[in-house]
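Here's the structure we're looking at; comments come further down.
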Amino acid sequence: MYHFLECRLVDHLREFLRRSYNLEDANIVVEQPPKIELGEFALPLAFDLARKLRKSPRKIAEEIVINIGEIPGIDKFEVAGAGYINVRINRAALAAALANDSLPDSDGKKSNSAVPASTGKVLVEHSSINPNKAAHIGHLRNAILGDTFVRLLRFAGREVDVQNYIDNTGAQVADVVVGFVHLERKSMVEIQALAASPRFDYLCWDLYARVATWYAEDKANLQTRLAALHAIEQGNNETAAIAELISIAVLKRHLETMERLDIEYDFLPRESEILHLHFWDAAFTKLKEAGVLTYEPQGKNKGCWVMRRAGTLAGTVKTPASAAAEDGDKAITDMITEEDQKVIVRSNGTVGYVGKDIAYHMWKFGLLGRDFGYRKFFRYPNTHECWISSTDGETEHPHFGDVTEIYNVIDARQSEAQSTVIEALRGLGHNEAADRFTHFSYEMVALTPRCAAELGYTLSEEDKARSWIEVSGRKGFGVKADDLLDALIASAEKEVNSRHLELPGSERSQISTQIAIGALRYFMLKYTKPSVIAFDFKEALSFEGDTGPYAQYAAVRASNIFRKGGLNPDDFCRGSGPGGSESDASRRQGTAVHRVSPDEFDKFLAGDAGNSVWELWLAASQTSQVVSQCVATTEPAYMAKHAFRLAQLFNVFYHRHPILSEPDEKRKRFLLTTAAVVRRELIRVLAVMGISVPAAM
RNA sequence: GCGCCCGUAGCUCAAUUGGAUAGAGCGCAUGGCUACGAACCAUGAGGUUGGGAGUUCGAUUCUCUCCGGGCGCACCA
């Protein structure tokens with residue numbers, strides 16, 4: 001709603017500036033004034049124009065205010081401060097539209113369709129956990145960011161495919177195979193039995209760390225790993241079968257863990273298929289033809305196919321020959337030269353990780369000319385089907401890949417590799433694809449020294465002084481995702497039991513789970529992406545203040561008002577989601593829907609007295625605005641902020657206005673409408689974050 | 001050495017992407033429940049935004065520089 005008005009305002013202003021000042025494509029910034037009394041929009045426009053027009057900002061602002069003309073939904077413009085133009089919108093009109101969940105002047109279109117629908121399918125890749133050990137809190141941040149971004153895109157009207165890339169051919173899986181076979185002396189059948197155990201991934205977690213220690217004890221042990229790797233690559237032997245068994249079992253566990261958080265995937269492309277279906281061969285040919293890859297005949301990278309490293313300019317790479325010609329000291333110039341090269345194909349002819357990634361991303365954009373085979377892999381309780389890549393696929397399958405826009409949720413440590421892939425696409429002449437390739441980069445989750453100590457790790461004095469310590473799967477150092485979720489559920493259950501012992505046990509555990517998910521997802525979303533999360537149980541387990549449960553609680557309180565009053569919130573505002581259908585029905589039949597008239601809105605929202613409630617309404621109207629902002633900046637944290645602000649404003653409102661005991665019927669109806677609208681928006685906002693609202697708290 | 005990121009209240013983080021008096025949560029102090037259940041609300045203390053220079057009408061935000069911390073720079077994935 002708010003977003004719609006803002007767009008209208010900007011359009012009008014742009015037209016006005018063109019007409020009156022002959023200014024094309026002026027950059028029009030719209031803000032919110034620092035205080036609600038000053039209006040709903042603030043325009044610092046006059047400051048920009050001051051230089052161009054050689055007049056004082058204040059004078060320009062005054063001129064604009066006089067000549068701007070009428071805009072539907074906007075009441076007036078006024079000059080403030082040194083030259084701000086503050087805009088006051090028609091409160092009653094916005095409130096009525098919001099209660100009706102429609103645009104001010106529209107024929108019942110939903111507010112979120114105000115976001116311009118872009119063309120083409122979007123692909124979001126997230127999670128991508130190596131299938132050799134349990135998922136940990138770092139993976140949780142990735143998956144929660146990715147899943148929330150998917151929800152944001154879908155809210156904005158985009159069609160999205162969710163992919164989870166599985167690296168099942170690397171050394172990590174081989175390491176666990178080595179662990180089972182050489183350290184544990186397990187047979188294929190025994191491993192099969194273990195793989196069926198409920199938390200097989202935990203077993204692998206410990207084993208993986210033990211194998212790493214075993215390698216460190218004696219370098220000769222690394223030969224065992226090499227043999228395993230070769231066997232896996234060759235295929236058709238027991239080692240390869242065990243590797244497949246392990247990676248599939250661990251992958252299933254990852255899907256289960258993520259399912260606990262309402263995170264689902266559409267397709268699981270695996271590295272094994274990238275290899276077996278010869279994706280690389282197709283990519284290699286094109287890359288050679290385009291001159292992206294060049295053969296290095298000498299020096300350190302002799303015999304390799306190399307690519308210019310991302311960020312280095314074309315022409316700056318000196319060949320050893322030219323370097324030698326201008327400088328006698330060949331050793332030094334050689335180093336400078338080769339630093340700018342990234343090896344894609346090794347001298348033994350095998351392709352490295354980045355090469356496979358280039359091929360994969362060509363496939364994503366439909367530029368490779370090859371496709372995966374597809375098999376059904378995992379069926380979610382809601383019947384949603386998750387597919388996996390295979391060499392020999394089913395004949396009937398959905399169409400994956402060939403998208404127009406991609407987002408890769410991968411932590412910041414991979415940014416150089418990501419840039420290399422983008423550069424390769426550019427080198428191939430696919431600039432439009434490269435432009436729509438977004439590395440959704442975020443910082444890692446680390447542990448506070450206190451947290452590490454709680455987990456029983458002994459720390460060096462140096463580590464104790466740090467503000468955080470990086471987790472390490474190789475060392476088995478970290479907090480497992482399922483453990484954290486279990487701890488959160490237990491903690492929530494304690495709280496629920498202390499207040500709602502009257503409820504049946506199944507319902508209490510359902511509520512506890514919802515609270516735990518709310519706490520966890522909110523926790524991972526409230527930090528902005530470039531901020532390292534120093535994980536601490538005390539903060540992650542908190543249910544008070546700036547947390548998910550706080551926002552959930554506000555929505556529950558809103559619901560409670562209607563429950564206690566024997567009322568249906570959908571009779572006061574147009575509902576969203578499954579609850580909305582009855583009100584649609586009742587509206588069609590013309591039955592009692594308790595509408596607030598424009599006059600009443602005017603009366604209750606006007607002036608100083610109405611300001612604080614109006615602030616709540618205004619915040620409630622900004623959901624689609626915030627969604628656009630999140631999508632445009634690839635930053636879901638704004639959504640968490642919005643949810644918190646909405647909840648906070650509602651709690652103040654709730655505390656200040658006893659609604660059910662309100663004697664004035666009209667005022668009571670207005671207050672109930674306020675609660676109904678905020679409840680609807682809170683449910684909506686939390687849903688975008690993957691958080692549901694419990695029946696009671 | 002090169003590249004990217006971070007430094008804001010005691011702690012953990014925001015700041016509408018260059019805007020008006022830098023805001024929240026936690027913690028601390030004080031007060032508020034026969035309530036639409038306090039997982040809440042109210043009040044208070046707490047800041048030279050790491051230091052310095054520059055650009056600008058205006059800088060936490062942009063540029064440069066220094067200080068401190070993190071991460072990347074493999075014929076690993």
Side-chain angles (χ1 to χ4, degrees), chain A residues 29-35 38 42 44 47-48 50-51 56-57 80-84 86 130 167 169-172 271 300-306 309-312 335-336 339-340 342-348 350 352-354 356-357 411-417 419 441 443-444 446 448 466-468 470 492 495-496 498-500 515 526-528 530-534 536 538-539 542-547 549-550 552-554 556-565 622 625-626 629 633 635 637-638 641 644-645 648 651-652 654-661 671-672 675 696-697:
Chain A
V29 178
V30 182
E31 293 156 6
Q32 224 186 307
K35 282 190 174 161
L38 294 171
F47 297 111
D48 271 340
R51 179 152 350 106
S56 80
Y84 283 96
N86 288 340
N130 288 335
D167 179 5
T169 62
Q172 330 83 18
E271 188 147 294
K300 192 181 77 166
N301 297 331
K302 182 179 177 183
C304 299
W305 287 87
V306 300
R309 198 176 284 285
T312 62
M335 280 174 64
I336 294 166
E339 256 174 25
D340 289 338
K342 170 79 193 158
V343 172
I344 304 297
V345 180
R346 304 175 190 117
S347 56
N348 66 6
T350 59
Y353 161 73
V354 179
K356 283 178 265 187
D357 222 22
D411 78 67
R413 285 170 289 197
Q414 298 257 28
S415 56
E416 198 170 301
S419 308
S441 168
E443 266 295 349
M444 61 182 168
T448 61
R466 291 172 189 267
S467 50
W468 70 75
E470 196 173 347
E495 298 291 328
V496 174
S498 73
R499 337 174 179 214
H500 292 291
I515 292 170
K526 74 176 187 176
Y527 300 93
T528 54
S531 163
V532 175
I533 298 181
D536 195 302
K538 188 167 151 263
E539 287 201 29
S542 167
F543 298 152
E544 287 163 20
D546 188 8
T547 66
Y550 176 92
Q552 289 173 311
Y553 185 57
V556 168
R557 282 178 133 184
S559 298
N560 286 347
I561 299 169
F562 295 95
R563 192 168 42 76
K564 279 271 167 143
Q622 288 170 336
Q625 162 97 345
V626 177
Q629 190 188 10
T633 57
E635 179 52 90
Y638 293 117
K641 265 279 166 298
F644 180 62
R645 182 174 151 74
Q648 200 173 37
N651 275 333
V652 174
Y654 177 93
H655 189 257
R656 198 174 292 172
H657 305 285
I659 297 175
L660 293 176
S661 57
L671 295 173
L672 281 164
M697 270 181 89

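Each chain gets a letter, A, B and so on, in the order its sequence line appears, and its residues count up from 1. It should be emphasised that the depicted structure is a prediction, and the values quoted were computed from it without experimental measurement.
For B:rU34, the glycosidic angle deviates from 0 by more than 90°, giving an anti base.
At a threshold of 4.0 angstrom between heavy atoms, the contacts of A:Tyr527 are confined to the sugar-phosphate backbone, with no base atom among them. A:Ile515 comes within 4.0 angstrom of a nucleotide base, judged by non-hydrogen atoms across all strands. The residue A:Val306 sits apart from the nucleic acid: no heavy atom pair falls under 4.0 Å. Within the nucleic acid shown, A:Ala42 comes within 4.0 Å of at least one base atom, counting heavy atoms only. Heavy atoms of A:Arg557 sit under 4.0 angstrom from primed sugar atoms or phosphate atoms, though from no base atom.
OP1 or OP2 of B:rC36 has not a single side-chain nitrogen or oxygen of A:Tyr553 nearer than 4.0 Å. Checking the phosphate oxygens (OP1, OP2) of B:rC41, no side-chain nitrogen or oxygen of A:Arg656 falls inside 4.0 Å. Side-chain nitrogen and oxygen atoms of A:Arg499 include at least one within less than 4.0 Å of the OP1 or OP2 phosphate oxygen of B:rA39.
For A:Glu470, the side-chain hydrogen bond (donor to acceptor under 3.5 Å, both in side chains) criterion is met by A:Arg413, not counting sequence neighbours. With sequence neighbours excluded, no residue forms a side-chain hydrogen bond (donor to acceptor under 3.5 Å, both in side chains) with A:Ser415. For A:Arg466, the salt bridge (charged side-chain N to carboxylate O under 4.0 Å, His left out) partners two or more places apart in sequence, or in a different chain, are A:Glu462, A:Asp463.
Rounded to whole angstrom, the span from the CD1 atom of A:Ile659 across to the C1' atom of B:rG37 amounts to 15 Å. For the pair A:His657 NE2 and B:rC36 C1', the interatomic distance rounds to 13 Å; values are reported in whole Å. Rounded to a whole Å, the CG atom of A:Asn651 is 14 Å from the C1' atom of B:rA35. When the C1' atom of B:rA14 is taken as reference, atom CD1 of A:Ile533 falls 14 Å away, rounded to whole Å. If you measure from atom CZ of A:Arg51 to atom C1' of B:rU56, you get 7 Å, rounded to the nearest angstrom.
B:rG10 and B:rC71: their C1' atoms are spaced 28 Å apart (whole Å). Nucleotides B:rA15 and B:rG23 have their P atoms positioned 14 Å apart, rounded to a whole Å. Spacing between B:rG50 and B:rG7 at atom C1', rounded to whole Å, works out to 6 Å. Of the C1' atoms belonging to B:rC33 and B:rA14, the separation is 32 Å, rounded to the nearest Å. Nucleotides B:rG44 and B:rU17 are separated by 33 Å at their C1' atoms, to the nearest Å. Look at the P atom in both B:rC4 and B:rU43: the space between them is 45 Å, to the nearest Å. The C1' atoms of B:rC11 and B:rC28 are separated by 12 Å, rounded to the nearest whole Å. Between the P atoms of B:rU60 and B:rU48, the separation comes to 14 Å (whole Å).
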_Under the criterion side chain to side chain contact (heavy atoms under 4.5 Å, CB included), I'd like the reasoning laid out for A:Thr448 against A:Trp468: C-alpha separation, chi angles, the key distance, then a yes or no._
CA-CA 5 Å; A:Thr448 61; A:Trp468 70 75; 5.8 Å; no
_Evaluate A:Asn560 against A:Arg563 for side-chain hydrogen bond (donor to acceptor under 3.5 Å, both in side chains), listing each step before the verdict._
CA-CA 5 Å; A:Asn560 286 347; A:Arg563 192 168 42 76; 2.7 Å; yes
*Go through the steps to decide whether A:Gln648 and A:Tyr550 satisfy the test side chain to side chain contact (heavy atoms under 4.5 Å, CB included), and finish with yes or no.*
CA-CA 8 Å; A:Gln648 200 173 37; A:Tyr550 176 92; 3.5 Å; yes
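Judged by Watson-Crick or G-U wobble contacts below 3.5 Å, the nucleotide B:rG3 has B:rC71 as its partner. Across all strands shown, B:rG18 forms no Watson-Crick or G-U wobble pair with both key distances under 3.5 Å. Here B:rA29 sits opposite B:rU43 as a Watson-Crick or G-U wobble pair (both hydrogen-bonding atom distances under 3.5 Å). With both pairing distances under 3.5 Å, B:rU49 is matched to nothing as a Watson-Crick or G-U wobble pair. Here B:rA24 sits opposite B:rU12 as a Watson-Crick or G-U wobble pair (both hydrogen-bonding atom distances under 3.5 Å). Remark: B:rG37 base-pairs with no nucleotide in the shown strands. Criterion, Watson-Crick or G-U wobble with two distances under 3.5 Å.
Looking at the side chain of A:Asn86, the nearest of the listed nucleotides B:rC41, B:rA20, B:rA39 is B:rA20.
Here the side chain of A:Ser531 pairs no donor or acceptor atom with the backbone of A:Tyr527 at under 3.5 angstrom. One N or O on the side chain of A:His500 and one on the backbone of A:Met697 form a donor-acceptor pair closer than 3.5 Å. Remark: side-chain polar atoms of A:Lys641 are not paired, donor with acceptor, to backbone N or O of A:Lys526 under 3.5 angstrom.
Counting heavy atoms from C-beta on, the side chains of A:Phe644 and A:Thr547 never come closer than 4.5 Å. Using a 4.5 Å cut-off on side-chain heavy atoms (C-beta onward), A:Thr528 and A:Glu635 make contact. In this structure, the side chains of A:Asp411 and A:Met444 stay at 4.5 Å or more apart for every pair of heavy atoms.
Positionally, the nearest nucleotide of RNA chain B for A:Ser531 lies more toward the 5' end than for the other of A:Ser531 and A:Ala80. Residue whose closest nucleotide on RNA chain B sits further toward the 5' end, between A:Met697 and A:Lys35: A:Lys35.
Aromatic ring orientation, A:Tyr84 versus A:Phe47: perpendicular (interplanar angle above 60°, classes split at 30° and 60°).
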*Footprint string (nucleotides 22-30 of chain B, 5' to 3'): B base within contact, S backbone only, - free, heavy atoms under 4.0 Å*: --SSS----
*asked:* Return a single string for nucleotides 71-77 of chain B, one symbol per nucleotide in 5' to 3' order, where B is base contact, S is sugar-phosphate-only contact and - is none, cutoff 4.0 angstrom on heavy atoms.
replied: SSSSBSB
Would you tabulate the pairs of protein nitrogen or oxygen atoms and nucleotide nitrogen or oxygen atoms of nucleotides 17-19 of chain B closer than 3.5 angstrom?
{"residue": "B:rU17", "atom": "N3", "partner": "A:Tyr638", "partner atom": "OH", "Å": "3.2"}
{"residue": "B:rU17", "atom": "O4", "partner": "A:Tyr638", "partner atom": "OH", "Å": "2.2"}
{"residue": "B:rG19", "atom": "OP2", "partner": "A:Glu31", "partner atom": "OE2", "Å": "3.4"}
{"residue": "B:rG19", "atom": "O2'", "partner": "A:Tyr84", "partner atom": "OH", "Å": "2.3"}

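One distance of note links CD1 of A:Ile515 with CD of A:Glu495; it measures 8.5 Å at 0.5 Å rounding.
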